[in-house]
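A short worksheet on the structure shown next.
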2 protein chains.
Amino acid sequence: MQISELARRAGIPVATVKYYLREGLVPPGELTGATRARYGEEHLARLRLVRALLGPGRLSVATARAVLAAVDDPGTSVHEALGAAHRALPGVGVDGAPDLDEARAHLRRWGWRVAADSPALLALAGALDALRTAGSPPPDGLLDRYAAAAGRLGEQDVADIPAGSLVEAVRFVVVNTVLLEPVLLALRRLAQEDASRRRFPDGRPSGAEGR
Amino acid sequence: MQISELARRAGIPVATVKYYLREGLVPPGELTGATRARYGEEHLARLRLVRALLGPGRLSVATARAVLAAVDDPGTSVHEALGAAHRALPGVGVDGAPDLDEARAHLRRWGWRVAADSPALLALAGALDALRTAGSPPPDGLLDRYAAAAGRLGEQDVADIPAGSLVEAVRFVVVNTVLLEPVLLALRRLAQEDASRRRFPDGRPSGAEGR
DNA sequence: TGACATTGGGAAGTTCCACTATCCAACATT
DNA sequence: AATGTTGGATAGTGGAACTTCCCAATGTCA
């Protein structure tokens, strides 16, 4: 398969495929001459993964490269690879050094143990900080409920990781970490909408929902 | 308070405040002369909210404007306002028209009822689509578990909405919808890290977690 | 009162990002 | 031999989020 067919099958312009090759998101094809290279099914799969990470996954090209590097070089253990993936991912845009202590205290209360420099910890602290400066500190108990739900999810996510091949496990971890986030957020909003409909039946006749 | 003090107290450059004023994210101050305007505490609060939405909330300026419009004009009911906020928010970058039927079938199974054109529904369908084209359809049962967790969260989110003032309710809804998302994602990653540590104790001596 | 700094407002410039377009010489195909 | 495609490189584009610059009007201090 040459680049034009690869691009066509992936549904994106050739110029964009070249761009991804240049950026190192997709490995180069096998050169069969100075102006010819051959690509295989694995290139197509990689391309689709890249598009999923950049689009729905909302990763930047630079972040995607870092995440894919973790996929390509799955260190020595799944736990390590998960750490690498998390480190590559953009937490929340944290400006200064938010108050890590509060976040750490929560974790201790929930019995969660994570690395001292875990990026997710920083992200949590930053997000809590943002809520506070936005003038809406989370109501009492809300955080605990969120933690309970997140705990179940994380537990299941990890339980689902295929134990066999390390490479496969890493790919699974990365894809599930990144691409299930939009799913989770969409589900939460849908649940909110359903709950809101039940709590606020709303007097408006019909079409109240229209724009 | 004049613009320079407003900017200083919010911790951002004056030019940026002017930019937000121009973009309509922050209402204009009260003019006290041709080259003088007065701002109050409510402007400061609004500015902080804007920064939280643009930063940790990851909203674009255009999206933030739409979301804030819902805050400023809280229609006639909380349910409606929540719909407006959801509509303004960026679901997942959905390209074509993904397969809504599958997503709808799931909702029916969970007993959730939402508007036919709910943006979250579109987002869910798009996210599932992305997972599939990325070559990693969610394992059996995973979606149900995610829905169960999301259901509890959405239920609680809605239960927490203050019933008194409509304006206050809308602000609460918007802030909680947008700013709790990073919190939820961070919590999930932390839970994953904790679960992964327990499942993969990992032979590496110490420092395996280092960069 | 006069010198100086600040303000609101607008236009233009900057930086970054994710592409996209154009070129070119080397090939392959007809 | 003519034509078209390719890999590779360089430059250009359009959008987003600021940032800089400028102005006349105005406040403020000496």
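Taking atom CD on B/Glu23 and atom P on D/dC18, their separation rounds to 10 Å, with Å as the unit. Protein atom CD1 of B/Ile12 is 11 Å distant from nucleotide atom C1' of D/dC18, rounded to whole Å. Rounded to an integer number of Å, the gap from A/Arg65 CZ to C/dA18 C1' is 12 Å. The distance from atom CG of B/Leu53 to atom P of D/dA16 is 18 Å, rounded to the nearest whole Å. To the nearest angstrom, C1' of C/dC17 lies 14 Å from CZ of B/Arg58. For A/Leu25 and C/dA18, the CG to C1' distance is 11 Å, given to the nearest whole Å.
At most 12 heavy atoms of other shown residues, nucleotides or ligands fall within 6.0 angstrom of atom CD in A/Glu168. More than 12 heavy atoms of other residues, nucleotides or ligands shown are found within 6.0 angstrom of CG on B/Asp101.
Between the side chains of B/Tyr20 and B/Arg65, no donor-acceptor pair of N or O atoms lies under 3.5 Å. Side chains of B/His79 and A/Glu193: a donor-acceptor N/O pair is absent below 3.5 angstrom, by distance only.
Among the nucleotides D/dT19, C/dC19, D/dC18, the one closest to the side chain of A/Thr16 is C/dC19.
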Report summary line: Under a 4.0 Å heavy-atom criterion, the protein footprint on nucleotides 6-14 of chain C, written with B, S and -, is BBBB-B---

Requested in this report: Determine, stepwise, if the pair A/Glu80 / A/Thr76 fulfils side-chain hydrogen bond (donor to acceptor under 3.5 Å, both in side chains).
Outcome: CA-CA 7 Å; A/Glu80 201 177 320; A/Thr76 55; 2.7 Å; yes

Query raised in the report: Can you check side-chain hydrogen bond (donor to acceptor under 3.5 Å, both in side chains) on A/Tyr146 and B/Arg188, steps first, answer last?
Result: CA-CA 9 Å; A/Tyr146 268 63; B/Arg188 185 173 81 111; over 6 Å; no

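OP1 or OP2 of C/dC19 lies within a sub-4.0 Å distance of a side-chain N or O belonging to A/Tyr20.
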